[in-house]
There are 2 protein chains.
Amino acid sequence: MDACTRLGEKFEGWQALGLDEERCPVRNLLDQIGDRWSILLISALAGGPKRFSALARAVPDISKRMLTQTLRTLEISGFVHRDVQPTVPPSVTYSLTPLGQSFAAPLLGLVDWAESNFATVLEARAQAKRAA
Amino acid sequence: MDACTRLGEKFEGWQALGLDEERCPVRNLLDQIGDRWSILLISALAGGPKRFSALARAVPDISKRMLTQTLRTLEISGFVHRDVQPTVPPSVTYSLTPLGQSFAAPLLGLVDWAESNFATVLEARAQAKRAA
DNA sequence: CGCTCAAGTCTCTATCTGAGACTTAGTCTA
DNA sequence: TAGACTAAGTCTCAGATAGAGACTTGAGCG
């Protein structure tokens, strides 16, 4: 059975549970990390721990506000560990937890797909624009 | 080399390109389908073509507005095909394109991870709440 | 005659996002 | 010695975005 069919069956299973955000793992996870920044920050931390300001530099167009907020959410869900050194000025280091690290494998699959199929997507968009 | 390290290296590669949304496949894709509904709709269509109203029923808490908008975006990026039967009332069927179908494989990896690690995430959140 | 359905569009409000100023105290610079 | 800079945020305000729900057109149904 191909992946597409299996995914379709998974979906029907979720439907049976009413696609409830509390109980459906995929809905739940998507609501947490299905945004513009979470995936990017997890990727940024995959190479090793980084400080707040290093992350801000690594992802140039994230605002401090969203950086703080996204890291807090990832921390609460157990993807990221936040380590505060109570110096002055404080030094805060973020790192992936074992859970966060284990997420790297499926994420890498997604990333590889994106890189392989990017040209196709661009072509589709160009064609859509011509048709418009 | 483990997935986490490899992901970290990928990220450094993107950084070298300035993480530009136009050129970085991951940024680009994330901006398109990194939202609450796209992944869910692709999963819903993985089982086979569906009509607009069937999709609305399949994903109960999506508004018509977001359903239309998300499907349009997916169509433009080449994930979804939109087939209009010019009857009265019109009958519109959505289906995954070959590109959309090929996306099912990495998506399934993500979904499996979510289902396997959901308990861990819930536990982390419960602990965060206790600590607060 | 009035109701419902198809697949949306439109408007209005609620929420979220981003930009940028502000904070504290120690170190570096002029 | 005054001024600037840094770390890791918080705060506020304006603008973008999401969701709820009314409205559309023509046909079939009771």
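So that the names make sense, note that chain A is the first sequence line, chain B the second, and so on, each numbered from 1. Note that the coordinates shown come from a computational prediction; the quantities given were computed from them, not determined experimentally.
A side-chain contact (heavy atoms from CB on, under 4.5 Å) with B/Pro106 is found for exactly one of A/Asn117, A/Leu110, A/Leu107, A/Val111, namely A/Leu110.
In terms of the side chain to side chain contact (heavy atoms under 4.5 Å, CB included) criterion, residue partners of B/Asp61 (sequence neighbours excluded) are, by chain and number, A/Glu21, A/Arg27, B/Trp37, B/Val59. Residues passing the side chain to side chain donor-acceptor pair (under 3.5 Å) test with A/Asp112, sequence neighbours excluded: B/Lys10. For A/Ala3, the side chain to side chain contact (heavy atoms under 4.5 Å, CB included) partners are B/Ala104, B/Ala105, B/Leu108, not counting sequence neighbours. Every side chain to side chain contact (heavy atoms under 4.5 Å, CB included) that A/Thr97 has, sequence neighbours left out, goes to A/His81, A/Leu99. Remark: B/Asp31 engages A/Arg36 in a salt bridge (Lys or Arg N to Asp or Glu O under 4.0 Å) (not counting sequence neighbours). Here B/Ala124 pairs with nothing under the side chain to side chain contact (heavy atoms under 4.5 Å, CB included) rule; sequence neighbours left out. In this view, A/Asp20 and A/Arg23 satisfy the salt bridge (Lys or Arg N to Asp or Glu O under 4.0 Å) rule, not counting sequence neighbours.
Side-chain atoms of B/Arg72 and B/Gln69, non-hydrogen and from C-beta on, never get closer than 4.5 Å to each other.
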Could you list, one pair per line, each protein nitrogen or oxygen that sits under 3.5 Å from a nitrogen or oxygen of nucleotides 14-22 of chain C, together with the distance?
from   : atom 1 : to      : atom 2 : distance (Å)
C/dT17 : OP2    : A/Gln69 : OE1    : 3.4

Please tabulate, one pair per line, all N/O donor-acceptor pairs under 3.5 Å involving side-chain atoms of residues 125-132 of chain B, not counting sequence neighbours.
from     : atom 1 : to      : atom 2 : distance (Å)
B/Arg125 : NH1    : A/Ser77 : OG     : 3.0
B/Arg125 : NH2    : A/Asn28 : OD1    : 2.3

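Using cut-offs of 30° and 60° on the angle between ring planes, the pair B/Phe79 and B/Phe103 is perpendicular.
Residues from residues 90-97 of chain B lying near DNA chain C, meaning a heavy-atom separation below 4.0 Å, are B/Pro90, B/Ser91, B/Val92, B/Tyr94 in numerical order. Proximity of residues 51-59 of chain A to DNA chain D (heavy atom under 4.0 angstrom from any strand atom) is restricted to A/Arg51, A/Phe52, A/Ser53.
In terms of hydrophobic clustering, with Ile, Leu, Val, Met, Phe, Trp and Tyr side chains grouped at heavy-atom distances under 4.5 Å, B/Leu96 and B/Val84 are assigned to a common cluster.
Stretches of at least 3 consecutive Watson-Crick or G-U wobble pairs, with each checked distance under 3.5 Å, appear in DNA chain C as C:1-30 with D:1-30.
At whole-Å resolution of the value, CG in A/Leu67 and P in D/dA8 are 10 Å apart. Regarding B/Lys50, its NZ atom lies at a distance of 18 Å from the C1' atom of C/dA6, rounded to whole Å. Residue B/Asp31 contributes atom CG, which lies 14 Å from atom C1' of D/dT17 at whole-angstrom precision.
Using a distance-only test at 3.5 Å, with no hydrogens or angles considered, no donor-acceptor pair links the side chain of A/Ser38 to the main chain of A/Gly34.
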